[in-house]
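Heads up: numbering here begins at 1 and tracks the sequence. Given the structure is predicted, the values throughout are model-derived calculations rather than measurements. Atom set for the values below is all heavy atoms of this structure, side chains included, hydrogens, waters and symmetry mates excluded.
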Amino acid sequence: QVQLLESGGGLVQAGGSLRLSCAASERTFGSMGWFRQAPGKEREFVAFINWNGGTTYYAESVKGRFTISRDNAKNTVYLQMNSLKPEDTAVYYCSAGTRRMTSYNLPEAYDYWGQGTQVTVSS
């Protein structure tokens with residue numbers, strides 16, 4: 001059973017930056033993703049990265065501001081978040097997919113999830 005642990009969340013003013021990390025207990029052998037969930041909202045896709053980091057996808061709402069990357073030697077995926085806005089406030093979840101996927105933006109495509117880390121952006 002793969003364990004995922006997020007870190008790096010916190011409170012930041014609008015326009016600021018945060019870097020989230022997700023450490024896996026073992027190699028995931030596949031794609032990784034970041035999702036977020038705000039109070040009263042459904043979990044939404046944020047960013048995707050394939051097994052070797054050669055392919056990335058982003059939600060339109062974060063494109064140009066967020067960057068996903070991974071270090072397979074450390075079994076770790078990162079999310080650099082710049083120019084943060086109050087609407088980015090949510091619990092951010094790291095996820096791992098072990099299967100070939102075509103729906104990278106859907107939570108059901110992923111097999112493992114972290115516990116989440118809170119990101120709060122004040123105005």
query: What is the minimum heavy-atom distance between N52 and N72, and which atoms define it?
result: CA-ND2, 4.3 Å
- request: Check the pair L18 / L84 against side chain to side chain contact (heavy atoms under 4.5 Å, CB included), numbers first and verdict last.
  value: CA-CA 8 Å; L18 285 173; L84 284 161; 4.2 Å; yes
- prompt: To the nearest 0.5 Å, what is the distance between CD (Q80) and CZ (R65)?
  reply: 12.0 Å
- request: Give the intermediate values and the outcome of side chain to side chain contact (heavy atoms under 4.5 Å, CB included) for residues T117 and L20.
  value: CA-CA 8 Å; T117 185; L20 306 184; 4.0 Å; yes
field: Whether Y110 and F35 hold their rings parallel, tilted or perpendicular, with breakpoints at 30° and 60°
entry: perpendicular
Contact summary for C94 and L4, nearest pair of heavy atoms: O-CD1, 3.8 Å
- request: Mind listing the closest non-hydrogen atom pair of V119 and G9 along with its distance?
  value: CG2-CA, 4.2 Å
Closest contact, heavy atoms only, A24 versus V2: CB-CG1, 4.5 Å
message: With a 6.0 Å cut-off (strictly less than), is the heavy-atom count around CD of Q115, excluding the residue itself, greater than 12?
response: no
query: Can the positive tip of R43 be found less than 6.0 Å from the middle of the six-membered ring of W113, inside 45° of the ring normal?
result: yes
- prompt: Should Y58 and W34 be counted in the same cluster of Ile, Leu, Val, Met, Phe, Trp and Tyr side chains packed under 4.5 Å apart?
  reply: yes
- prompt: What do you reckon, is CZ of R99 surrounded by more than 12 foreign heavy atoms closer than 6.0 Å?
  reply: yes
message: Can you tell me how far apart NZ (K63) and OH (Y57) are? Round to the nearest 0.5 Å.
response: 10.5 Å
message: Tell me whether the rings of Y104 and F48 are parallel (<30°), tilted (30 to 60°) or perpendicular (>60°).
response: tilted
field: Residue pair S17 / S83: nearest heavy atoms and the distance that separates them
entry: OG-N, 4.3 Å
Joint cluster assignment, L79 & V91, ILVMFWY side-chain distance < 4.5 Å: no
message: Whether the side chain of T89 engages the backbone of V121 through a donor-acceptor N/O pair (distance < 3.5 Å, no angle test) should be reported.
response: yes
- request: Could you tell me whether a side-chain N or O of D111 sits under 3.5 Å from a main-chain N or O of T98, the two making a donor and an acceptor?
  value: yes
query: Counting only N and O atoms by type, is there a donor-acceptor contact under 3.5 Å from the side chain of S25 to the main-chain atoms of Q3?
result: yes
message: Check for me, please, whether M81 and Y93 land in the same ILVMFWY cluster - side-chain distances under 4.5 Å, paths through other members count.
response: no
task: Mind listing the closest non-hydrogen atom pair of S123 and A14 along with its distance?
output: CA-CB, 4.5 Å
task: Assess whether side-chain hydrogen bond (donor to acceptor under 3.5 Å, both in side chains) is satisfied between S31 and N50, documenting all intermediate values.
output: CA-CA 4 Å; S31 300; N50 78 331; over 6 Å; no
message: Is there a continuous path of hydrophobic side-chain contacts, each under 4.5 Å between heavy atoms, that joins I68 to Y112?
response: yes
Connected via hydrophobic side-chain network under 4.5 Å: M32 and F45: no
query: Would R19 count as a cation-pi partner of Y78, with NZ or CZ less than 6.0 Å from the six-membered ring centre and within 45° of the ring normal?
result: yes
Qualifying residue for salt bridge (Lys or Arg N to Asp or Glu O under 4.0 Å) with R36, from E87, E42, E6, E44: E44
- prompt: For K74, does its backbone N or O pair with a side-chain atom of T76 as donor and acceptor, under 3.5 Å?
  reply: yes
